[in-house]
Amino acid sequence: MVLTTGSHLPGADGAPFTFSALVTDGRAVRVVFGRGRIAEVGPLARSLGSRVVLLAGRHAPDVAREVDAALGDAVVGRIEETAQHVPVDAAARAVAAAREARADVVVSVGGGSATGLAKVIARDVGLPVLAVPTTYAGSEMTPVWGETDQHGKRTGRDVRVLPRIAVYDPDLTASMPAALTAASGMNALAHALESLYAPDATPLSLSVAEEAIRTLARALPVAVRRPADPAGRAEALRGAWLAGWALGGTTMGLHHTLAHVLGGRYGLPHAAVHSALLPHVAAFTAPAAREAFGRAARALGVSGPDAVAPALYELAADLGAPTSLAGLGPEPEDLDGVAALADVSGVGAPRLVDRDDVVRILRAAYRGGTPERPRGTPPGSSPGKPEQVRATERTVEP
Ligand code: NAD
């Protein structure tokens, strides 16, 4: 298949599809997408192994039972304990359970927290993962794991944690309440936008990210207002898949660095933090990444790069997603501390960023409101010269 524009990407016609999506280091995820395809999890899991540890978030007992029944005797362990940012203690218990059960494959059903726990098992025990996402987090398409202890979040990039198979059944997302749909959708938009200006973006990742933004912007209002509409749910989930795919092969930057510190160190809800931060990081970045933001503008149907940040804010407000960090946890006096923890020195960004910039961004995100129109670049920064700033090897979790 020749992938030149977003319109050639699988599922654009709304039909179910199976597709091998190349992510990174020559590794692909087999993507199985369509209503009712949860029924295929049994045979797909058996294609990876014969002793399954089944990890399912508590919100989906019926789905977990259905998958459990389909796998029958192959299920040698069950884990229900999932939490945001993957607490190390819970991860250690899950790893021990998988080892004890002599499992040879992990099946996870749930949001990014369930997928994240499956990834830690993959990292420590070396098992392949089949992921069934039930939110728009997109973790099933990335080789990034994360874990949190009392000091904050540790993350890493390891191709072994990239799931082998991802089964996307839009019907499983219909139970998401409006608030989760909206925030998780903004999380997916953040993935796509940040991959557009990543230093290692490729023609393919750019097409995929642009199509993700276009799809999410169109579908999320439908998914929020008509949660049971299968077409809206399918389109939103396809957008989230594309956003995760784009991000999986590229390096995360400033936006994810800040979300990571706020989420991991302060224990804030992941998707909500993304939603509140996104317009403000976008306003900061837009002056230095005209081409990337031009693509985003095209996808959002707005006039140009500078209109992207306000449009993202308006979309979040329209969806009822968080538009301010106020009320999520941190107090205004915490923001300097967050900025101090956020190591932005080597962040892969089109524009140099220092601690004062970070404080300004965080304060703007705390205040909420329409992001200010980008005012050009402060002294010392390098707009339009992304080659001066290179991503380092460090990894940030989405
Ligand atoms: P989550 O998985 O914690 O889910 C949020 C809540 O919604 C949970 O209570 C869950 O049980 C519930 N839920 C999930 N699906 C539901 C559904 N269909 N209907 C009703 N309730 C449902 O949150 P998330 O935002 O999906 O994921 C956040 C986590 O994922 C964070 O730890 C984040 O760091 C990680 N993440 C990692 C990556 C990566 O590439 N490594 C990418 C995105 C997110």
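Model, not experiment: these values are computed from the prediction. Ligands are counted one by one from 1 in listed order, and the atoms in each one are counted from 1 as well.
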Thr135: numbered ligand 1 atoms lying under 4.0 Å from its heavy atoms: 14 (C), 15 (N), 26 (O)

Arg238 NZ/CZ over Phe33 ring centroid, <6.0 Å and within 45° of normal: no

Atom indices of ligand 1, in the order listed, that fall short of 4.0 Å to a heavy atom of Gly111: 2 (O), 26 (O)

Side-chain donor-acceptor pair present, Ser108, Lys119, cut-off under 3.5 Å: no

Numbering as shown, the atoms of ligand 1 that approach Gln84 to under 4.0 Å (heavy-atom distance): 1 (P), 3 (O), 5 (C), 23 (O), 28 (C), 32 (O)

Evaluation steps, side-chain contact (heavy atoms from CB on, under 4.5 Å), between Val32 and Val41: CA-CA 10 Å; Val32 176; Val41 166; over 6 Å; no

CA sep, side-chain torsions, deciding dist, call: Leu277, Leu262, side-chain contact (heavy atoms from CB on, under 4.5 Å): CA-CA 10 Å; Leu277 275 178; Leu262 284 161; 4.0 Å; yes

Close-contact set for ligand 1 against Ser139 heavy atoms, below 4.0 Å: 37 (C), 38 (C), 39 (C), 40 (O), 41 (N), 42 (C)

Residue Ala137 vicinity, atoms of ligand 1 by number, heavy atom under 4.0 Å: 26 (O), 27 (O), 42 (C), 43 (C), 44 (C)

For Ala219 against Ala236, the heavy-atom pair lying closest together: CB-N, 3.4 Å

Atoms in ligand 1 with a heavy atom of Gly112 nearer than 4.0 Å: 2 (O), 24 (P), 26 (O), 27 (O), 29 (C), 30 (O)

N or O pair under 3.5 Å between Ser184 and ligand 1: no

Per-atom contacts, ligand 1 versus Lys119 - under 4.0 Å to a heavy atom: 39 (C), 40 (O), 41 (N)

Ligand 1 N/O within reach of Val144 N/O, cut-off under 3.5 Å: yes

Ile121 and its side-chain contact (heavy atoms from CB on, under 4.5 Å) partner, picked from Val161, Val129, Val106: Val106

